Amino acid sequence: MSFSGEESTQLTHQLRSLHDGILVGIGTVLSDDPQLTVRQWSGSNPQPIVLDSSLRTPRAAKICHHPDKQCWILTVSPGVESHGEQVDILAVDSANVDQQQVPLEAAMSLLKERGIKSLMVEGGATVITAFLKARLADALVLTVAPRIVGGYKAVGDLQAEGCDDQLRIHPLHCASAGSDLIVWGDFQYGGTDR
Ligand SMILES: NC(=O)c1ccc[n+]([C@@H]2O[C@H](COP(=O)([O-])OP(=O)(O)OC[C@H]3O[C@@H](n4cnc5c(N)ncnc54)[C@H](OP(=O)(O)O)[C@@H]3O)[C@@H](O)[C@H]2O)c1
């Protein structure tokens, strides 16, 4: 279910068009089945990318039937190919043999090698939290819709693994988009630029 209005949805699609890649976690694929394409703006589709350690992406998922791109699935489960030519399964090497999930730093290096110089991370909460903990996110764009939704946690606990309360957004900007509020700015980790 989307809470965003038309204007902020257009902004989201504009942002998609300005990035080389767009990444979500498998949780978002399973719950929302997003297309991750640019539809309400004029521009190119970014490369769709999923973090999916144990290859749970359904063959019928919309991102596996993208209009002009083969979806990249970043995984730690090599050798299992059940999606045919619809997806490109990329096993990400990890220095840690016990790594259960896709190691983000190595994944970002792999994406850069493949020409992805700018990446939009569109969720969900688990993946956004992991990027913040790893200090891999440069900037935030937040859409605030005029609704109260109980029980949804947009970002998990950051304090447990060294990402303390110094995670700030500066400079902070805001503007309205229809009935929504857009807040954006650069992340400042530990009070310094990354
Ligand atoms: N409001 C919005 O704009 C928005 C946008 C997107 C999603 N959402 C909502 O977010 C919810 C889904 O979020 P979610 O937190 O359940 O799932 P998620 O963040 O989309 O995906 C999390 C999964 O990604 C996989 N993953 C692989 N490598 C990872 C890594 N290094 N770090 C973290 N995760 C990694 C893990 O599954 P494996 O271990 O199986 O790989 C993990 O469980 C849905 O309710 C959706 O509607 C909201």
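Since this is a predicted model, take the numbers as computed values, not measurements.
Distance alone, capped at 3.5 Å, places no donor-acceptor pair between the Thr143 side chain and the Ile182 backbone. Between the side chain of Asp33 and the backbone N or O of Lys62 there is at least one donor-acceptor pair closer than 3.5 Å. Panel note: side chain His66, backbone Asp68; a donor-acceptor pair is recorded below 3.5 Å. Here the side chain of Asp180 pairs no donor or acceptor atom with the backbone of Ser8 at under 3.5 angstrom. Side-chain N or O atoms of His13 include one that pairs as donor or acceptor with a backbone N or O of Arg39 at under 3.5 Å. Side chain of Asp20 to main chain of Ser118: a donor-acceptor pair is present (N/O by atom type, distance under 3.5 Å, no hydrogens or angles). Remark: the backbone N or O of Gly156 is paired with a side-chain donor or acceptor of Thr129 at under 3.5 angstrom.
Between Met120 and Leu15 the shortest side-chain heavy-atom distance falls below 4.5 Å. Residues Tyr189 and Leu132 form a side-chain contact, since some pair of their non-hydrogen atoms from C-beta on lies under 4.5 Å apart. Residues Trp184 and Leu142 have side chains not in contact (no heavy-atom distance under 4.5 Å, counting atoms from C-beta outward). The shortest side-chain heavy-atom distance between Thr9 and Glu6 does not fall under the 4.5 Å cut-off. Inter-residue side-chain proximity for Leu90 and Ile73 is flagged as unmet; no heavy-atom pair is nearer than 4.5 Å. For the pair Ile169 and Gln188, the minimum side-chain heavy-atom distance is 4.5 Å or more. Side-chain contact check for Asp138 versus Phe187: every heavy-atom pair is 4.5 Å or farther apart. Taking 4.5 Å as the limit, every side-chain heavy atom of Ser44 sits out of range of all side-chain heavy atoms of Ser17.
Under the 4.5 Å side-chain contact rule for hydrophobic residues, Val121 and Val92 share a cluster. Cluster annotation: Leu51 and Ile22 are assigned to distinct hydrophobic clusters (Ile/Leu/Val/Met/Phe/Trp/Tyr, side-chain heavy-atom contacts under 4.5 Å, transitive). Following chains of ILVMFWY side-chain contacts shorter than 4.5 Å, one cannot reach Val141 starting from Trp41, and the two form parts of different hydrophobic clusters. Val50 and Leu55 sit in two unconnected hydrophobic clusters of ILVMFWY residues. Membership requires side-chain heavy atoms under 4.5 Å apart, directly or through other members. Under a hydrophobic-cluster definition in which Ile, Leu, Val, Met, Phe, Trp and Tyr are linked whenever side-chain heavy atoms come within less than 4.5 Å, directly or via other members, Val24 and Val76 are assigned to different clusters.
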Exercise for review: With side chain to side chain contact (heavy atoms under 4.5 Å, CB included) as the test, would you mind laying out the steps for Thr12 and Ser4 before giving the verdict?
Suggested key: CA-CA 10 Å; Thr12 299; Ser4 305; 5.7 Å; no
Check your understanding: Step by step, would you call Leu111 with Ile49 a side chain to side chain contact (heavy atoms under 4.5 Å, CB included)?
Key -> CA-CA 9 Å; Leu111 294 183; Ile49 301 159; 3.9 Å; yes
Check your understanding: Given the rule in the side chain to side chain contact (heavy atoms under 4.5 Å, CB included) test, do Lys133 and Leu158 qualify, once you have shown the distances and angles that lead to the verdict?
Key -> CA-CA 6 Å; Lys133 277 184 178 174; Leu158 293 177; 4.0 Å; yes
Practice item. Please step through side chain to side chain contact (heavy atoms under 4.5 Å, CB included) for the pair Val183 and His173, ending with a clear verdict. Key: CA-CA 6 Å; Val183 178; His173 308 274; over 6 Å; no
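Distance check: Glu7 CD to Ser176 OG gives 9.0 Å after rounding to the nearest 0.5 Å. Of the inter-residue distances, the one linking His19 atom NE2 with Asn45 atom CG reads 14.5 Å to the nearest 0.5 angstrom. Distance check: Leu110 CG to Glu105 CD gives 13.5 Å after rounding to the nearest 0.5 Å. Here the CZ atom belonging to Arg135 is positioned 14.5 Å from the CG atom belonging to Leu104, to the nearest 0.5 angstrom. For the atom pair CD1 (Ile26) and OG (Ser31), the distance works out to 9.5 Å, reported to the nearest 0.5 Å. Atoms CD and CG, on Gln47 and Leu119 in that order, are 10.5 Å from each other to the nearest 0.5 Å.
What you find for Pro58 and Val29 is that their closest heavy atoms are CD-CG1, 4.2 Å. Between Arg16 and Val38, the shortest heavy-atom contact is CB-CG2, 3.9 Å. Shown here for Gln86 and Arg59, the closest heavy-atom pair between the two residues is OE1-O, 4.0 Å. Among all heavy-atom pairs drawn from Arg56 and Leu30, the shortest one is NH1-CD1, 3.6 Å. Closest of all the heavy-atom pairs between Lys153 and Ala125 is O-CB, 3.2 Å. In terms of heavy atoms, Val102 sits closest to Ser53 at N-OG, 3.4 Å.
Shown here is Asp93, whose CG atom has no more than 12 heavy atoms of other residues, nucleotides or ligands within 6.0 Å.
Geometric assessment of Arg114 against the ring of Trp72 yields a positive cation-pi assignment under the 6.0 Å and 45° thresholds.
Side chains of Asp52 and Thr75: no donor on one and acceptor on the other come within 3.5 Å.
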